[in-house]
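Quick note on labels: first sequence line is chain A, next is B, and so on, each numbered from 1.
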Amino acid sequence: MPELPDVEYYRIYLTATALHKTIARVEVRAPRILEGVTERRLRSVLAGRAFQSARRHGKYVFAAIEGGEGGWLVMHFGMTGRLSYFKDIGDDPKHDRFLIGFENGYFLAFVNQRKFGHVALAMSPEAFAEAKGLGPDALSIGREEFAVRLGERRGGAKATLMNQKVLAGIGNIYADEILFRAGVHPKTPVNTLDEETLGTLHAVMGDVLHTAIAAKRRCEDFPGSYLLPHRHEGGVCPLDGTPLETITISGRRTYFCPTHQSDERE
DNA sequence: GGGTAGACCCGTGCCC
DNA sequence: ATGCAACGGGTCTACC
């Protein structure tokens, strides 16, 4: 479930479980998830150190490595994944691709079923975001910058919201939710949106992300007016029961309500 | 030439 | 056994 709200929850989870604990061992079980780093290098950077703090930018989690050469451990979950902190190695979750063992006997697992995720090292979250060409984080970006960055694009609203170079953190599910709540058709060219609509989009984006983060912490409890619970075959608009329509955008299935998100392109 | 969109691909598991 | 679709993103191509 790794879009911004999910990843923010993992950041909170990592902060609550894995900080200030000396790392005793490191094990890579699926080398393909390593990006620009070897298991040997990870071991030498992490062994005997501890994580000091955790941050997030878009769909990436960063854990600061205290002592030694410093640096940050970077994690991205791809389409599937989560973190799991546990005590008994017998409770090691399925699809554990990267395992950190602490001196206290506990473990932190990077769980990633489809192996589309990545583990890397970076000098800083800022340097990493810069090197990747990531746009500003969707939860940090201000209304003005949001309007400017979208305004200079020609693409459709959904494709642009999901473009990590424009802003970082929005994926398929939350792009649909934001556009539904803002009443914008997913194919509307963003450079045709007026100032007011861009402002609405920015405000709705913040609301949706904050609500989703809270829902994750409460274990998936979304307001009834949200599109998300209805986002399935045969789903209907939570506002008036209109059958939802589906189209494909950027290779992703897109759900929208044809009455609340009219196609301005006619 | 850059921005954009679509096709395809990368493990894995589930449905039929 | 096969096909398929999945909360991501990279590459390639065609098109403007």
Starting at [atom1] of [X] and ending at [atom2] of [N], how long is that distance when rounded to a whole Å?
| X | N | atom1 | atom2 | answer |
| --- | --- | --- | --- | --- |
| Tyr9(A) | dC7(C) | OH | P | 22 Å |
| His76(A) | dG9(C) | NE2 | P | 4 Å |
| Met79(A) | dG10(C) | CE | P | 14 Å |

From the options dG9(C), dG8(C), dC10(B), select the nucleotide whose nearest atom is closest to the side chain of Arg32(A).
-> dC10(B)
Under a cut-off of 3.5 Å for both distances of each Watson-Crick or G-U pair, what dot-bracket string does DNA chain C give, using [ ] for crossing pairs and | for inter-strand pairs?
-> ..||...|||||||||
Test side chain to side chain contact (heavy atoms under 4.5 Å, CB included) applied to Tyr174(A) and Leu4(A), step by step | CA-CA 9 Å; Tyr174(A) 293 105; Leu4(A) 188 152; over 6 Å; no
Between dC4(C) and dA7(B), how far is it from one P atom to the other, in whole Å?
->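 dC4(C) and dA7(B) have their P atoms separated by 15 Å.
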Write down the distance separating the P atoms in dC8(B) and dG3(C), rounded off to the nearest Å.
-> 15 Å
Could you pull out the protein-nucleic contacts involving nucleotides 1-4 of chain B (nitrogen or oxygen on both sides, under 3.5 Å)?
residue: dT4(B); atom: OP1; partner: Arg154(A); partner atom: N; Å: 2.5
residue: dT4(B); atom: OP1; partner: Gly155(A); partner atom: N; Å: 3.4
residue: dT4(B); atom: OP2; partner: Arg153(A); partner atom: NH1; Å: 2.3

Reckon Lys59(A) has a side-chain N or O less than 4.0 Å from the OP1 or OP2 of dG8(C)?
-> yes
Phosphate oxygens OP1/OP2 of dT12(B): is one of them under 4.0 Å from a side-chain N or O of His95(A)?
->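 For His95(A), the contact criterion (side-chain N or O under 4.0 Å from OP1 or OP2 of dT12(B)) is not met.
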Listed in order of residue number, which residues of residues 115-145 of chain A have a non-hydrogen atom at under 4.0 Å from DNA chain B?
-> Lys115(A), Phe116(A)
Syn or anti for dG6(B), please, going by whether the chi angle lies within 90° of 0.
->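 Anti, angle beyond 90° from zero.
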Closest approach of Val74(A) to Ala122(A) (non-hydrogen atoms, all atoms of both residues) |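 Closest approach of Val74(A) to Ala122(A): CG2-CB, 3.6 Å.
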Could you tell me whether Arg252(A) contacts a base, only the sugar-phosphate backbone, or nothing, with contacts defined as non-hydrogen atoms closer than 4.0 Å?
-> base
Check every strand shown and say whether Arg97(A) touches a base, only sugar-phosphate, or nothing at a heavy-atom separation below 4.0 Å.
->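 The answer is sugar-phosphate, as Arg97(A) gets under 4.0 Å only of primed atoms, P, OP1 or OP2.
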Return yes if some donor-acceptor pair links the side-chain N/O of Asn112(A) with the main-chain N/O of Arg82(A) below 3.5 Å, else return no.
->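 Between the backbone of Arg82(A) and the side chain of Asn112(A) there is no qualifying donor-acceptor contact (under 3.5 Å).
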